[in-house]
Amino acid sequence: MKKRGLEKGEYGYREQHKKQQLLLIFLGVLAILLQLGARRFTQQAAFQNILTVMAIVSVLPVANLAAPFLASFRYKTPGPDFYQALSPYEGQMAVLYDLIITSKELIMPMDGVVVHPLGTFFYCSDPKLSIQKAEAFLNDFFCAQHLDPHAKVFTEEAAFFKRIASLKPSDGYEDDGSVAFTIRSLKNLSM
């Protein structure tokens with residue numbers, strides 16, 4: 001497993017992304033505080049006003065970084081046991097890890113996603129997730145992307161693995177490019 005340079009959909013991405021976001025937020029807050037602190041070292045009112053405006057303008061980008069960070073903070077990368085159980089399927093079908101998909105109503109921490117010609121299968125570790133709302137949102141998203149709306153969400157790990165085990169390898173199906181397009185679309189949708 002890599003520790004640096006992970007991309008969306010790779011195992012461990014959530015934890016790496018959180019660390020990067022935390023560092024950027026810290027640097028942004030530090031820059032704001034330095035701008036406000038620099039006001040004390042100048043006597044010119046115009047320069048003090050410029051530093052104040054710079055600090056105020058700097059708040060918005062920091063807030064834009066902090067909002068998704070706070071929304072996703074409690075969702076961790078699943079343990080190595082989950083990765084070891086799902087990774088053998090990577091050679092047979094497309095597998096994504098650590099996606100956090102959001103809608104207006106839901107935050108869906110998708111720990112594992114299997115994209116297959118027969119459908120897209122999601123495992124969400126949040127047992128409180130409304131499966132019906134999540135599937136409706138994902139199927140609407142797929143329809144908007146001109147893809148077949150065959151999303152199935154599982155909140156029980158055993159049921160997810162049972163369904164994945166029942167699938168035949170993807171290479172036995174004709175490739176029309178929809179699997180690759182689905183993967184790109186899900187990565188773009190994920191925070």
Side-chain angles (χ1 to χ4, degrees), residues 6-18 21 64 67-191:
L6 296 175
E7 295 181 17
K8 281 185 186 178
E10 292 184 31
Y11 181 77
Y13 174 77
R14 268 187 217 158
E15 296 302 318
Q16 174 193 307
H17 185 68
K18 279 197 277 191
Q21 292 299 97
N64 284 338
F69 173 78
L70 293 174
S72 65
F73 182 75
R74 67 182 180 144
Y75 303 116
K76 299 183 180 349
T77 294
D81 294 341
F82 178 81
Y83 175 73
Q84 290 173 355
L86 189 55
S87 63
Y89 295 102
E90 290 177 9
Q92 302 171 12
M93 51 198 80
V95 178
L96 300 171
Y97 301 93
D98 284 356
L99 299 181
I100 297 178
I101 298 173
T102 59
S103 71
K104 290 181 182 179
E105 300 176 9
L106 302 170
I107 297 175
M108 300 169 273
M110 301 301 184
D111 295 325
V113 179
V114 173
V115 182
H116 192 273
L118 295 180
T120 307
F121 305 94
F122 299 85
Y123 169 65
C124 178
S125 59
D126 184 0
K128 296 178 185 176
L129 178 72
S130 169
I131 293 174
Q132 188 176 23
K133 286 182 181 179
E135 287 178 350
F137 170 77
L138 291 165
N139 285 324
D140 288 346
F141 171 75
F142 287 150
C143 285
Q145 299 296 314
H146 306 290
L147 294 166
D148 290 333
H150 297 294
K152 180 69 178 147
V153 177
F154 298 89
T155 55
E156 295 178 16
E157 190 174 324
F160 173 73
F161 280 110
K162 183 177 178 182
R163 179 62 178 119
I164 299 310
S166 72
L167 296 172
K168 294 179 183 174
S170 294
D171 58 5
Y173 296 88
E174 183 178 327
D175 183 18
D176 61 354
S178 63
V179 170
F181 184 68
T182 301
I183 291 169
R184 282 194 310 275
S185 298
L186 287 172
K187 286 181 180 181
N188 290 336
L189 181 63
S190 177
M191 64 163 79

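What you see is a predicted model; the values in this text were computed from it and never measured. In what follows, every heavy atom counts, from backbone to side chain, and hydrogens, waters and symmetry copies are set aside.
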Minimum side-chain heavy-atom gap Lys152-Glu135 below 4.5 Å: yes
Using modelled atom types and a 3.5 Å cut-off, is there a donor and acceptor pairing between side-chain atoms of Thr155 and backbone atoms of Asp126? no
Determine all donor-acceptor pairs shorter than 3.5 Å in which one atom belongs to a side chain in residues 103-124; sequence neighbours excluded.
unit_1 : atom_1 : unit_2 : atom_2 : d
Ser103 : OG     : Glu105 : N      : 3.3
Ser103 : OG     : Leu106 : N      : 3.0
Asp111 : OD1    : Arg14  : NH1    : 2.8
Asp111 : OD1    : Arg14  : NH2    : 3.0
Asp111 : OD2    : Ser125 : N      : 3.3
Asp111 : OD2    : Ser125 : OG     : 2.7
His116 : ND1    : Leu118 : N      : 3.1
His116 : NE2    : Lys168 : O      : 2.6

Nearest heavy-atom approach of Thr77 to Tyr13 is OG1-N, 4.5 Å
Centroid-centroid distance, Phe142 to Phe137, less than 6.0 Å: no
Contact check, side chains of Ser87 and Tyr11, non-hydrogen atoms, under 4.5 Å: no
Contacts of type ring pair (Phe, Tyr, Trp, His ring centres under 6.0 Å), residue Phe69, not counting sequence neighbours: Phe73
A side-chain contact here means heavy atoms from C-beta on lying under 4.5 Å apart; do Phe141 and Ser185 qualify? yes
Is there a donor-acceptor contact under 3.5 Å from the side chain of Asp98 to the main chain of Gly12? yes
Parallel, tilted or perpendicular: which fits the ring planes of Tyr83 and Tyr97, with parallel below 30° and perpendicular above 60°? tilted
Closest non-hydrogen atom pair, Ile131 against Val153: CG2-O, 3.6 Å
Only counting residues at least two apart or in another chain, list the ones meeting ring pair (Phe, Tyr, Trp, His ring centres under 6.0 Å) with Tyr75. none
Minimum heavy-atom separation for Ala71 to Met191, with atom names? CB-CE, 4.5 Å
Is there a donor-acceptor pair under 3.5 Å between the side chain of Ser190 and the backbone N or O of Lys187? no
Test Lys76 against Glu15 for salt bridge (Lys or Arg N to Asp or Glu O under 4.0 Å), laying out the working first. CA-CA 7 Å; Lys76 299 183 180 349; Glu15 296 302 318; 5.6 Å; no
